[in-house]
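Because only heavy atoms are used, hydrogens play no part in the values below, and waters and symmetry mates are left out as well, while side chains stay in. Whatever order the structure lists ligands and atoms in, that order sets their numbers, starting from 1.
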Amino acid sequence: MGLGLTMLFEDGKRKALTFSYDDGTIHDRKLVSLMNRYGMKGTFNLNSGLFGKKEQAVINGIDTDFSRIEAEEVKTLYAGHEVASHTLNHPSLTGIPSNMGAAEVLKDRYNLEELTGELIRGFAYPYGTYNEAVEEMLCACGIEYARTVCSTEKFELPQDFLEWHPTCHHESPRLMELAEKFCKEKSWEAEVFYLWGHSYEFSQKDNWQVIEDFMKYVSGYKDEIWLATNMEIVDYVKAFKNLRRSTDGSILYNPSGKTLWFELYGKSHVIHGNEKYGPL
Ligand SMILES: [Zn+2]
């Protein structure tokens, strides 16, 4: 990637932090307000077929209010964040025929686009289940990235955005250790801390402090970290991969509309959208 150039993120930052929270339960209200207080940005993966559903469920042996948010609050509640698809009704996509899976994704996209006025291009796999056929179906449905539930405890960008493995779940015992490593250690490549979970888990275990402590800690490093939604990161990386370079390598062309930052021989550069840059 990058023709020998090292990609940097927006404003020349080397690190990005993003959140990914699933299912759209009423506890998202508190999570979003905490994220807004600390200037965090994230992605909320919603099942539009289940909006407004009241539900008490026993999850991991604990009685949990699993009620979903109302359709009417989607636009205002998640303003400034990304709304992404999690299918209409939360089926496991490896367990149903592809045409039914496609209907689950397209109907959800359609509903969420109607509610937000935005294009919905992101996805998280219900139950974390996927295979090659599911990935192909998502692609055909206009989905550009999909999050799994396989924590890597690393900060690397994925090879394939349809298998985007998160860094960790917020319940990882290593959460703060990883946060410290991410914030303090110098990185050479662009790195992403990708945190995922469900907001009902904080209510269930009464441990909102865990996420507030995390946000408080990382917000101390805001000057070095790009706080972005999942889709913003994907769009940026795709635009960078799409940079063109002259035969002798000295001139770059950025066909995207995005300003891009990169490093070459220890020096950082900026190339604006639809502009040529060089000679390097
Ligand atoms: Zn889910």
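Transitive grouping of hydrophobic side chains (ILVMFWY, heavy atoms separated by less than 4.5 Å) brings Val270 and Trp226 into a common cluster.
In this structure, the ring of Phe202 has its center less than 6.0 angstrom from the ring center of His170.
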Distance-only check: which donor-acceptor pairs under 3.5 Å involve side-chain atoms of residues 96-105, not counting sequence neighbours?
{"unit_1": "Glu104", "atom_1": "OE1", "unit_2": "Leu88", "atom_2": "N", "d": "2.9"}
{"unit_1": "Glu104", "atom_1": "OE1", "unit_2": "Asn89", "atom_2": "N", "d": "2.7"}
{"unit_1": "Glu104", "atom_1": "OE2", "unit_2": "Asn89", "atom_2": "ND2", "d": "3.1"}

Contacts under 3.5 angstrom, residues 77-86 side chains, donor-acceptor by atom type, not counting sequence neighbours:
{"unit_1": "Tyr78", "atom_1": "OH", "unit_2": "Asp28", "atom_2": "OD2", "d": "2.6"}
{"unit_1": "His81", "atom_1": "ND1", "unit_2": "Gly42", "atom_2": "N", "d": "3.2"}
{"unit_1": "His81", "atom_1": "NE2", "unit_2": "Asn36", "atom_2": "OD1", "d": "2.7"}
{"unit_1": "Glu82", "atom_1": "OE1", "unit_2": "Thr43", "atom_2": "OG1", "d": "2.6"}
{"unit_1": "Glu82", "atom_1": "OE1", "unit_2": "Tyr145", "atom_2": "OH", "d": "3.1"}
{"unit_1": "Glu82", "atom_1": "OE1", "unit_2": "Asn230", "atom_2": "N", "d": "3.4"}
{"unit_1": "Glu82", "atom_1": "OE1", "unit_2": "Met231", "atom_2": "N", "d": "2.9"}
{"unit_1": "Glu82", "atom_1": "OE2", "unit_2": "Tyr145", "atom_2": "OH", "d": "2.9"}
{"unit_1": "Ser85", "atom_1": "OG", "unit_2": "Thr87", "atom_2": "N", "d": "3.2"}
{"unit_1": "Ser85", "atom_1": "OG", "unit_2": "Asp108", "atom_2": "OD2", "d": "2.7"}
{"unit_1": "His86", "atom_1": "ND1", "unit_2": "Ala124", "atom_2": "O", "d": "2.7"}
{"unit_1": "His86", "atom_1": "NE2", "unit_2": "Asp23", "atom_2": "OD1", "d": "3.0"}
{"unit_1": "His86", "atom_1": "NE2", "unit_2": "His90", "atom_2": "NE2", "d": "3.1"}

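Ile271 pairs by the side-chain contact (heavy atoms from CB on, under 4.5 Å) definition with Leu243, Leu252, Asn254, Leu260, Phe262, Tyr277, not counting sequence neighbours.
Shown are the protein N/O/S atoms under 2.8 Å from the Zn ion (ligand 1), given by residue and atom: Asp23 OD1, His86 NE2, His90 NE2.
Ion pair Glu144/Lys238 flagged as a salt bridge, since at least one NZ, NE, NH1 or NH2 atom sits closer than 4.0 Å to an Asp/Glu carboxylate oxygen.
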